[in-house]
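See below for the structure under consideration.
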Amino acid sequence: MSINHHLCISLLRDCKTLSHLKQIHAHASKTGLDADPLIAGKLLLLAAATLADALDYSRRLFSHFPSPDPFMYNTLIRGLSESDHPHHSLLTYNQMRLDSVPPDSFSFAFVLKAAANCRSLNIGWQLHTHVIHHGFESHLFVGTTLVSMYGECGCLDSARKAFDDIPQPNVVAWNAIVAACFRVDDVKGAQRLFERMPWKNLTSWNVMLAGYTKAGELWSARSLFLAMPNKDAVSWSTMITGFASNGLFNYALSFFRELLREGCRPNEVSLTGVLSACAQAGALESGKILHACIEKAGLSSIVSVGNALLDMYARCGSILMTSRVFNWEMEKKSIVSWTSMIAALAMHGYGKEALQLFHKMQEHGTRPDGITFISVLWILIL
DNA sequence: CTAGGGTTAG
C-alpha cells in the first residue's frame, strides 16, 4: 500500500503508539514522503516527539534531515522538554544556536518549559537574557512562559517582574502569576491577585482550588467550589484528589458521589483520586464498584487508572485481585505498576514471588528506582 | 504544520 500526503497527515494525527508510528513511517518511506521536508516529514517528527515513548525515534528522524529549519528544532526541543531528561532539550537549543538558526517565539516557549522542568533558576535567567536579546521580552506567550518558569523555580520576585514586563497581560498571564504565588506557598498574595484580576475564567477558579488544596486549606477550597459560577471536570477532579491526598477519604468519596449525581462523567483523574481514597480508607466494596464502572466506561487501559486500582486492591488486602489486575487487565505497565505489584507481594508474605517479579521487571527493560528497592526490602522485614 | 494558565498512581 502506498500513501499520499493527505492520508499520511490524517494517520499521524490519530497515532497513539510507537508501533503505530513505525508502520506509518514504513509506508511513508516507500513513496519518499518521510524525506519531504514540507509536510509529511515534519509531521512524522512532530508525532514522534510528542509521543511519550518515541523520543529516541524522533532524534533519529531529526538526524536524517540535512538542514533543519526552526520548526524542526522546535519540535525536538518541545519533545525533550516534556521528557524525563529535560536538560536534553537545552542541548538541542544550543545546537540550534551553533547552527546559526535564530530561535523564534516557539523556541523560547519550549525551551523555557524545559528550564522550568529542570527547576534551574540559573538556566532560566540565562534564557531570559536570550529572550531580551532576540526582542521577545514583550511577547505575550513568551512572557507568560517566563512567569510560570520563575514560579516553578520558586522565585516569585522574578515571576512578578516578568509579569510586570508584559504590556497587556490577558487572563492566561494573570492565572500564571496566581499559580506562581501558590507554588511558593504565598496563599495571601494569590488571594490578593485573584481579587484584583480584571477578568476571570474557569481556569482562574481552578487555579485557586488547586492552590488551596495543595496548601491544605480544604475548607477555603470547598467554599470557593460552592461559590463558583461554573464547574468543569478539572474542578471536580481537583477537589476529589485534594481531599484524598489530605486524608479526608469520606469527603473525597462524597464529592465523587456528588459528581455522579450532577450527571458529570468521571474522568481518569477523578477516578485515580477516589481510588486512592478507597485505598487509604480500606473501602474494598466501594473499590469493587468503581472497578466495574471503569471497565464499563472503557478507562481500564489508562496506566494511571490501572495503577490506582492495583494500589487499592493491595491496600485493601486482596492480593488475588491485585495480581489479577496486574496480570490480566493491564496491557501497559509503568515503573509504578511493577513497583506496586512487588510491594503488594512482599507485604503479603510472598517474598519469593516478589523477588521473581523484580527480576522479570528488569527483563522487560524497566530499570528499578529507589522506591522499587525499598519495596523489595520489605521481604526482609516480613 | 508548533506556543502560554488549572486536576493523575508506587
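Proteins get letters first, then strands, A, B, ... in listed order; numbering begins at 1 in each.
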What's the closest nucleotide to the [X] side chain, out of [options]?
X: A:Glu268; options: B:dT8, B:dG6, B:dA3; value: B:dT8
X: A:Arg78; options: B:dG10, B:dA3, B:dT7; value: B:dA3
X: A:Val234; options: B:dG4, B:dA3, B:dT7; value: B:dT7
X: A:Thr144; options: B:dT2, B:dA3, B:dG4; value: B:dG4
X: A:Val269; options: B:dT2, B:dT8, B:dG5; value: B:dT8
X: A:Ile371; options: B:dG10, B:dG4, B:dG5; value: B:dG10
X: A:Ser148; options: B:dG5, B:dA3, B:dT8; value: B:dG5
X: A:Val336; options: B:dA9, B:dG4, B:dT7; value: B:dA9
X: A:Thr241; options: B:dT7, B:dA3, B:dG5; value: B:dT7
X: A:Ser304; options: B:dA9, B:dG6, B:dT2; value: B:dA9

When we call it a touch if two heavy atoms are under 4.0 Å apart, what does [X] touch: a base, just sugar-phosphate, or nothing?
X: A:Thr75; answer: nothing
X: A:Ser340; answer: sugar-phosphate
X: A:Ser107; answer: nothing
X: A:Phe110; answer: base
X: A:Val207; answer: sugar-phosphate
X: A:Thr238; answer: sugar-phosphate
X: A:Ser276; answer: nothing
X: A:Leu146; answer: nothing
X: A:Lys200; answer: nothing

Please report, rounded to the nearest Å, how far the [atom2] atom of [N] is from the [atom1] atom of [X].
X: A:Ile177; N: B:dG6; atom1: CD1; atom2: P; answer: 12 Å
X: A:Met312; N: B:dG10; atom1: CE; atom2: C1'; answer: 15 Å
X: A:Leu202; N: B:dG5; atom1: CG; atom2: C1'; answer: 12 Å
X: A:Arg183; N: B:dG5; atom1: CZ; atom2: C1'; answer: 9 Å
X: A:Phe136; N: B:dA3; atom1: CZ; atom2: C1'; answer: 12 Å
X: A:Ile335; N: B:dA9; atom1: CD1; atom2: C1'; answer: 13 Å
X: A:Glu152; N: B:dG5; atom1: CD; atom2: C1'; answer: 12 Å
X: A:Asn74; N: B:dC1; atom1: CG; atom2: P; answer: 15 Å

Count the heavy atoms of every other residue, nucleotide or ligand shown that sit under 6.0 Å from CH2 of A:Trp219, and state whether that count exceeds 12. yes
May I ask you to check whether over 12 heavy atoms, not counting those of A:Lys200, lie within 6.0 Å of atom NZ?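 Atom NZ in A:Lys200 is packed in, count exceeds 12.
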Under 6.0 Å between ring centres, would you say that holds for A:Phe243 and A:Phe255? yes
Give a yes or no on whether a salt bridge exists between [X] and [Y], defined as a side-chain N under 4.0 angstrom from a carboxylate O.
X: A:Asp56; Y: A:Arg60; result: no
X: A:Lys360; Y: A:Glu363; result: no
X: A:Arg183; Y: A:Glu152; result: yes

Residue-phosphate contact under 4.0 Å: A:Lys214 side-chain N/O, B:dG6 OP1/OP2: no
Going by modelled atom types, is there a donor-acceptor pair between the base of [N] and the side chain of [X] at under 3.5 Å?
X: A:Thr272; N: B:dT8; result: no
X: A:Asn201; N: B:dG6; result: no
X: A:Asn175; N: B:dG4; result: no
X: A:Thr339; N: B:dG10; result: yes
X: A:Asp369; N: B:dG10; result: yes

Mark this stacking check for A:Phe141 against B:dA3 as yes or no, applying ring centres under 5.5 Å and ring planes under 30°.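 One would not call A:Phe141 stacked on the B:dA3 base.
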Side chain to side chain, A:Leu202 and A:Met228, heavy atoms closer than 4.5 Å: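 Yes - at least one pair of side-chain heavy atoms lies under 4.5 Å apart.
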Step by step, work out the side chain to side chain donor-acceptor pair (under 3.5 Å) result for A:Gln356 and A:Tyr350. CA-CA 10 Å; A:Gln356 281 171 348; A:Tyr350 298 95; over 6 Å; no
